[in-house]
J.: 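I have a structure I would like to understand better, so I am pasting it below and will then ask my questions one at a time.
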Amino acid sequence: MDARIIILILNGLTQAALFFLLGSGLTLAFGLMRIINLSHGAFYLLGGYIGYTVMKLTGNWGLALLAGALSITILGFLFERTLLARVRGQDLPETLLTVALSMVIADFCLAIWGGHSLALNVPKALNPSITIFGITYPGFRYLLMLASVVVAVGLWLLLYKTKLGAAVRAGVDDRETASALGVNIDVMYTIVFLISAFLVGIAGVLGGTYLQLSPGSDTTILTYALVVIILGGQGSLLGAVVGALILGQIASFGSAYAAEYWMFLVFAPLAIVLAVRPQGLFGRTV
Amino acid sequence: MHNSGEKNGVLLEVEEIHSYYGDSHVLQGCSLRVGQECVAVLGRNGMGKTTLLRSIIGLNPPRMGRIIWKGQDIVGKKPFEIAQLGIGYVPQGRRLFPSLSVEEHLNLTYRRTGRPDEWTPARVFELFPELAERRRLSGARLSGGEQQMLAIGRALVTNPELILLDEPSEGLSPVAVERVIATCRELRKNRIAILLVEQNIHVAHDLADRVYIMVNGNTVYESSAAEFLDNPELRYKYLGV
């Protein structure tokens with residue numbers, strides 16, 4: 001295999017890592033709460049911007065990552081407890097609320113950080129050139145892949161090896177029956193929403209380092225996240241992994257060989273999956 | 001064992017409840033009492049029997065009327081709070097969790113009481129050895145009878161004082177139905193009250209101390225089980241059998 005192809009595959013894996021961080025939390029929240037958080041992309045953008053500012057002030061990338069992740073977690077908590085919980089079970093108000101929040105956040109970001117593209121600088125220590133089998137590739141991208149694998153394993157352990165995880169899966173399967181058997185589904189909602197917000201905050205700082213942050217990133221990112229979870233199937237962790245891997249490779253090879261068909265290449269598999277298997281590759285019919 | 005509710009004190013009292021399913025007015029002033037006994041609610045399809053159980057557990061809260069559980073009005077409480085007060089629920093069609101193994105079902109709903117005779121997952125496996133053999137299997141891959149055992153076991157480990165059973169014999173083989181009946185007898189021996197909704201007269205006949213007949217969202221007739229079920233005229237009038 002020539003080096004160009006390998007680089008493209010690695011690019012695809014880097015993209016996939018970011019897509020997984022975006023999609024995994026969203027798909028769990030969607031599977032459990034049956035609402036799609038359309039402010040997920042705005043959370044990503046805000047997390048990235050906060051990371052950018054902390055990086056500028058302190059020069060400490062690790063601190064920037066922490067600040068981005070924690071601030072979005074807190075925002076998510078407040079949003080879920082004070083607003084979303086009020087309209088629980090009403091599909092339209094829930095969805096509109098998340099749209100409204102995304103617009104407020106996007107405008108807030110425009111006012112504070114302006115319209116130019118910004119990016120966090122990767123510290124040299126985190127971005128050594130790594131050469132494997134003669135292919136030299138930025139170390140930060142390997143770090144991104146590693147982070148994504150760690151998150152995937154962590155989520156898997158949480159979901160499949162703990163009682164909390166069993167409660168979440170039961171809620172995804174049948175929230176009514178779970179609550180009638182003594183499971184406090186409201187607490188599950190909050191926890192899953194927090195995990196989702198935490199992961200998208202991390203994704204924002206990582207994405208702001210590896211890509212760029214600018215007005216409009218929020219909707220682009222939201223679109224990718226939606227494609228990932230629709231491909232993979234709502235509520236499925238494995239689905240988020242596979243959806244992210246597929247979309248990552250499409251994004252990488254598509255932009256290299258058929259940039260003009262890029263949007264088509266992203267959405268064609270989505271259309272096919274929706275037509276043939278509407279519940280997604282690993283989803284179940286509800 | 002066959003004591004009537006009044007002698008041992010009333011556990012659950014449903015008073016004139018009105019419940020809706022969407023816009024349709026399903027329960028129209030329905031009332032009943034359950035003491036330390038097995039009570040069966042009978043009636044034709046679509047009379048509101050399932051809605052009655054869903055109203056008690058809080059999934060379809062009534063818009064009017066009261067539901068008194070051990071002296072406390074539980075209308076407006078959330079389902080998980082009602083469950084934690086000691087009411088176990090076995091829904092119609094079992095509704096197991098496909099993503100959970102047999103063992104996870106029991107561990108999830110297990111509620112410690114500290115009592116020496118409490119129901120633990122281990123004790124449920126003693127009661128249903130066939131489930132113990134399949135403990136790693138997904139709940140969805142069990143036979144109909146085993147699924148019903150698991151649905152009952154899942155409610156049992158919440159250590160309830162009353163179990164709501166919605167059509168436990170539905171879709172089961174005659175052998176499995178006998179197993180359900182034997183299981184319910186076992187529950188009664190352990191002083192767990194049962195509120196049973198059934199189409200299968202035979203199950204009601206074998207288990208119930210008292211019966212209520214539901215017609216159009218209302219309990220219209222109440223008697224001892226034998227009095228109703230051994231009277232062909234009444235049976236024909238209300239159930240058509």
Side-chain angles (χ1 to χ4, degrees), chain A residues 24 27-28 30-34 81 85-86 88-91 155-192 232-240 279-286, chain B residues 50 53-61 74 77-113 119 121 136 138-140 147 150-160 163-166:
Chain A
S24 52
T27 201
L28 288 181
F30 186 28
L32 182 66
M33 302 158 90
R34 298 281 183 273
R81 288 284 60 183
R86 287 168 176 275
R88 183 95 71 223
Q90 302 164 253
D91 295 349
L155 282 179
W156 184 83
L157 288 174
L158 181 73
L159 272 179
Y160 292 92
K161 297 293 162 194
T162 68
K163 190 171 169 176
L164 173 71
V168 170
R169 281 183 289 138
V172 171
D173 282 346
D174 187 343
R175 58 177 166 177
E176 208 175 50
T177 302
S179 69
L181 285 158
V183 177
N184 186 348
I185 289 289
D186 283 348
V187 171
M188 300 301 137
Y189 284 160
T190 307
I191 291 172
V192 167
Q234 56 175 12
S236 165
L237 186 62
L238 181 62
Q279 71 271 35
L281 295 173
F282 296 92
R284 273 192 316 273
T285 39
V286 183
Chain B
T50 291
L53 297 192
R54 288 173 57 89
S55 292
I56 295 169
I57 199 67
L59 292 173
N60 262 81
I74 56 171
K77 286 192 183 297
K78 292 185 172 157
F80 83 92
E81 295 171 319
I82 295 171
Q84 289 176 0
L85 289 172
I87 301 182
Y89 179 53
V90 181
Q92 186 175 20
R94 274 74 86 173
R95 293 180 70 165
L96 299 176
F97 306 114
S99 321
L100 267 58
S101 69
V102 168
E103 197 166 32
E104 284 175 327
H105 274 87
L106 299 177
N107 289 336
L108 175 66
T109 58
Y110 172 43
R111 201 162 52 93
R112 280 177 188 79
T113 61
W119 288 94
R136 304 247 174 261
S138 153
Q147 287 193 12
L150 181 55
I152 293 174
R154 175 177 75 172
L156 211 45
V157 290
T158 66
N159 283 294
I163 281 195
L164 311 176
L165 277 173
D166 197 346

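What you see is a predicted model; the values in this text were computed from it and never measured. Below, chains carry the letters A, B, ... as their sequence lines are ordered, and counting in each starts from 1.
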J.: How many angstroms lie between CG in A/Asn184 and CD in B/Gln84, if you round to the nearest 0.5 Å?
T.: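 The CD atom of B/Gln84 is 7.0 Å from CG of A/Asn184, to the nearest 0.5 Å.
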J.: Which distance, rounded to the nearest 0.5 Å, do you find between the OH of A/Tyr160 and the OG of B/Ser99?
T.: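 That separation rounds to 6.5 Å.
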J.: Would you name the heavy atoms of A/Ala180 and B/Ala83 that are closest together and state the gap between them?
T.: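 Closest approach of A/Ala180 to B/Ala83, heavy atoms only: O-CB, 3.4 Å.
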J.: Please rank A/Leu181, A/Val183, A/Asp186, A/Ile185 by heavy-atom pairs under 4.5 Å with chain B and give me the top one.
T.: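 The residue among A/Leu181, A/Val183, A/Asp186, A/Ile185 with the greatest pair count is A/Leu181.
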J.: Can you check whether anything in residues 150-159 of chain B gets within less than 4.5 Å of chain A, heavy-atom wise, and list it by number?
T.: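 Contacts with chain A: B/Arg154, B/Ala155, B/Thr158.
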J.: With a 4.5 Å cut-off on heavy-atom pairs, point out which of B/Glu81, B/Arg54, B/His105, B/Lys78 contacts chain A the most.
T.: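 Counting heavy-atom pairs under 4.5 Å, the top option is B/Arg54.
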J.: Suppose a student defines contact as a heavy atom less than 4.5 Å from any heavy atom of chain A. Which residues in residues 87-97 of chain B would they list?
T.: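 Result: B/Tyr89, B/Pro91, B/Arg95, B/Phe97.
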J.: By side chain to side chain contact (heavy atoms under 4.5 Å, CB included), which residues pair with A/Leu164, not counting sequence neighbours?
T.: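 With sequence neighbours excluded, A/Leu164 shows a side chain to side chain contact (heavy atoms under 4.5 Å, CB included) to A/Leu158, A/Thr162, A/Met188, A/Ile191, given in chain and number order.
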J.: For A/Arg86, is the CZ atom crowded, meaning more than 12 foreign heavy atoms sit under 6.0 Å from it?
T.: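 Open.
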J.: Quick one: does B/Pro98's side chain get under 4.5 Å of A/Asp174's, heavy atoms only?
T.: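 No, their side chains stay 4.5 Å or more apart.
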J.: Could you report the tightest heavy-atom contact between A/Ala166 and B/Leu100, atom names first, then the distance?
T.: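 Looking at all heavy atoms of both residues, the shortest contact is O-CD1, 3.6 Å.
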J.: Enumerate by number any residue of residues 106-113 of chain B whose heavy atoms lie under 4.5 Å from heavy atoms of chain A; in the absence of such residues, state 'none'.
T.: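 The list, in residue order, reads B/Asn107, B/Leu108, B/Thr109, B/Tyr110.
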